[in-house]
Amino acid sequence: MSSYESRFRLFSSVECEGQLYMTPLNFIQSVTLTEPKSRRMWKSLTKKELEKIVADTPPVWKGSSNLFRNLREGGIISYTEYLFLLCILTKPHAGFKIAFKMFDADGNEMVDKREFLVLEEIFRKKKDRKEVAEDVQRSDQQVLKKDCQHVEAGGMWDVLRRGTSQVLFSDLTEHAEENTPETTLLLHFFGKKGNAELNFEDFYKFMDNLQTEVLEIEFLSYSKGMPTISEEDFAHILLRHTNVDNIAGYLENVRHCIPDEKGITFEEFRSFFQFLNNLEDFTIALQMYNFANRSIGQDEFTRAVYVATGLTLTRHLVNTVFKIFDEDHDDKLSYKEFISVMKDRRQRGKRGIRMEEKFTSFKSCLKKELSKK
């Protein structure tokens, strides 16, 4: 059993005909908490009872950044959808754009329910069994080798899209349509009759809303209703779900280098995590600037982020990031160390927050309270 499946089983609360499901609230908790707030047995439901639960699912054009919080227990999410949603939280939007194009036969950027189920299955296999990606790549190469002689350079993408679709549909469609219940996502995207089509613009809004919703929940858990979180709290969130050995050391860097708290706004917080979803492009940008083998300064870091993502991080946010990771206090950042930690951070949903991080949080809160007296 994979670590993703173990975590899904830990947080799921509904069972129907031997299959486990999360509610929208279960999913939110699985990506923001260490463990469920309360342990309880799975609630066994019939298919008719499941249908009642998802009956009030809003259509995609009524989506918002409060969708999961509004639905709470009023919906179900399958294991495949759980992995798909994790991909949305941690992958750049460009990857989903490409995936849509693979199934877009007439170029109108629309997919139907059947195509979407295959799309979900692809991302499930990619997330849960990485070796499948290599199989797809080998199949793509065979298709390209066969068709390449009939295609001009400008039409190469069409061959890749058509060939990949043929390969993927051949072994995934039957599995994807097998005993698929009407889940919250399927109703949200394709309606109660299942005959609506999903365009990429609506799907893009859904992705953006989901990312915003999860980030708002994390931000609000520290801001307590205030417009900003402290730089130390930002470091806490940044280092969650990582294998960093000495979290206390990073936090001490922040306390020592930023004694006067200015705070991180939600927009700054959100922009940084949008950047993290494009970490691979950032790495390429650093290599283009020939920074791969040396530490970089704040201006170079800011420029590379903009080149890679189009995002302009504020000077205060970049300075805070440097103060977190700048162990020798030379105002330079070792990009290899930074990227390795941040890649680890993106394994959201694979593991919980370690006991060390929770104890460090407790000590930090204690110090803050004592300093007030």
Side-chain angles (χ1 to χ4, degrees), residues 31-34 90 214-215 217-224 228-266 268-279 282-283 286 291 294-302 304-305 313-371:
V31 295
T32 58
L33 300 178
T34 312
T90 59
V214 171
L215 290 174
I217 291 169
E218 285 193 304
F219 186 86
L220 290 171
S221 69
Y222 282 86
S223 70
K224 309 300 182 185
T228 63
I229 59 174
S230 70
E231 289 79 4
E232 188 176 337
D233 287 340
F234 174 69
H236 268 296
I237 299 173
L238 206 54
L239 295 169
R240 294 174 75 178
H241 311 286
T242 70
N243 280 327
V244 169
D245 293 327
N246 183 22
I247 291 179
Y250 287 95
L251 299 180
E252 188 58 38
N253 278 347
V254 178
R255 284 192 290 268
H256 175 75
C257 299
I258 311 178
D260 300 321
E261 181 182 311
K262 179 180 177 182
I264 303 293
T265 67
F266 179 72
E268 289 176 314
F269 180 77
R270 186 171 183 266
S271 67
F272 189 79
F273 283 95
Q274 287 177 325
F275 150 64
L276 286 186
N277 285 352
N278 293 273
L279 205 57
F282 172 73
T283 306
L286 287 180
F291 296 148
R294 63 185 178 89
S295 298
I296 60 174
Q298 294 190 25
D299 289 340
E300 296 163 329
F301 180 90
T302 303
V305 170
L313 303 183
T314 66
R315 184 172 293 276
H316 175 62
L317 179 61
V318 172
N319 180 60
T320 300
V321 171
F322 268 63
K323 294 301 183 282
I324 294 171
F325 292 97
D326 183 15
E327 295 184 9
D328 55 6
H329 307 295
D330 65 348
D331 206 27
K332 298 284 185 180
L333 193 65
S334 169
Y335 102 99
K336 286 184 178 180
E337 179 186 18
F338 169 75
I339 286 177
S340 65
V341 173
M342 289 301 95
K343 278 185 176 179
D344 195 39
R345 169 63 176 81
R346 294 191 311 164
Q347 297 301 308
R348 182 193 291 271
K350 192 171 184 178
R351 57 177 172 265
I353 306 164
R354 297 168 303 153
M355 288 303 296
E356 177 192 346
E357 199 272 348
K358 290 194 286 186
F359 181 61
T360 303
S361 298
F362 168 75
K363 289 195 297 183
S364 175
C365 291
L366 185 60
K367 282 185 179 179
K368 283 185 178 180
E369 290 303 315
L370 291 175
S371 65

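Nothing here was measured: the structure is a model prediction, and the numbers come from that model.
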Legend entry - Separation of F282 CZ from L276 CG (nearest 0.5 Å): 10.0 Å
Legend entry - Considering all heavy atoms, the nearest V31-E218 contact: O-OE2, 4.3 Å
Inset, instruction - Determine the minimum heavy-atom distance between V254 and E232, stating which atoms define it. - result: CG1-N, 3.8 Å
Inset, instruction - Work out which heavy atom in S223 is nearest to a heavy atom in T228; give both atom names and the distance. - result: CB-O, 3.7 Å
Legend entry - Steps toward side chain to side chain contact (heavy atoms under 4.5 Å, CB included) verdict (V214, F273): CA-CA 11 Å; V214 171; F273 283 95; over 6 Å; no
Legend entry - salt_bridge(E231, K262) N-O dist < 4.0 Å: no
Inset, instruction - Drop me the distance from N278's CG to T283's OG1, to the nearest 0.5 angstrom. - result: 10.5 Å
Inset, instruction - Can you measure from CD1 (I324) to CG (L239) and round to the nearest 0.5 angstrom? - result: 6.5 Å
Inset, instruction - Begin with the C-alpha distance, continue with both residues' side-chain angles, and end with the deciding distance and a verdict on side chain to side chain contact (heavy atoms under 4.5 Å, CB included) for T32 and S221. - result: CA-CA 10 Å; T32 58; S221 69; over 6 Å; no
Inset, instruction - To the nearest 0.5 Å, tell me how far I229 CD1 sits from L220 CG. - result: 10.0 Å
Legend entry - Pair L215-F266, side chain to side chain contact (heavy atoms under 4.5 Å, CB included): steps then yes or no: CA-CA 9 Å; L215 290 174; F266 179 72; 4.1 Å; yes
Legend entry - Reported CG-to-CD distance for the pair L333 and Q298, which is rounded to 0.5 angstrom: 9.0 Å
Legend entry - Which residues share a salt bridge (Lys or Arg N to Asp or Glu O under 4.0 Å) with K323, sequence neighbours left out: D331
Inset, instruction - First locate atom OG1 of T314, then atom CD of E268, and finally report the distance between them rounded to the nearest 0.5 Å. - result: 3.5 Å
Inset, instruction - Can you sort out the partners of F322 under ring-ring contact (aromatic ring centres under 6.0 Å, His included), two or more places apart, ordered by chain and number? - result: F301
Legend entry - Heavy-atom check, side chain of L238 versus side chain of Y250, under 4.5 Å: no
Inset, instruction - Can you sort out the partners of F234 under ring-ring contact (aromatic ring centres under 6.0 Å, His included), two or more places apart, ordered by chain and number? - result: F272
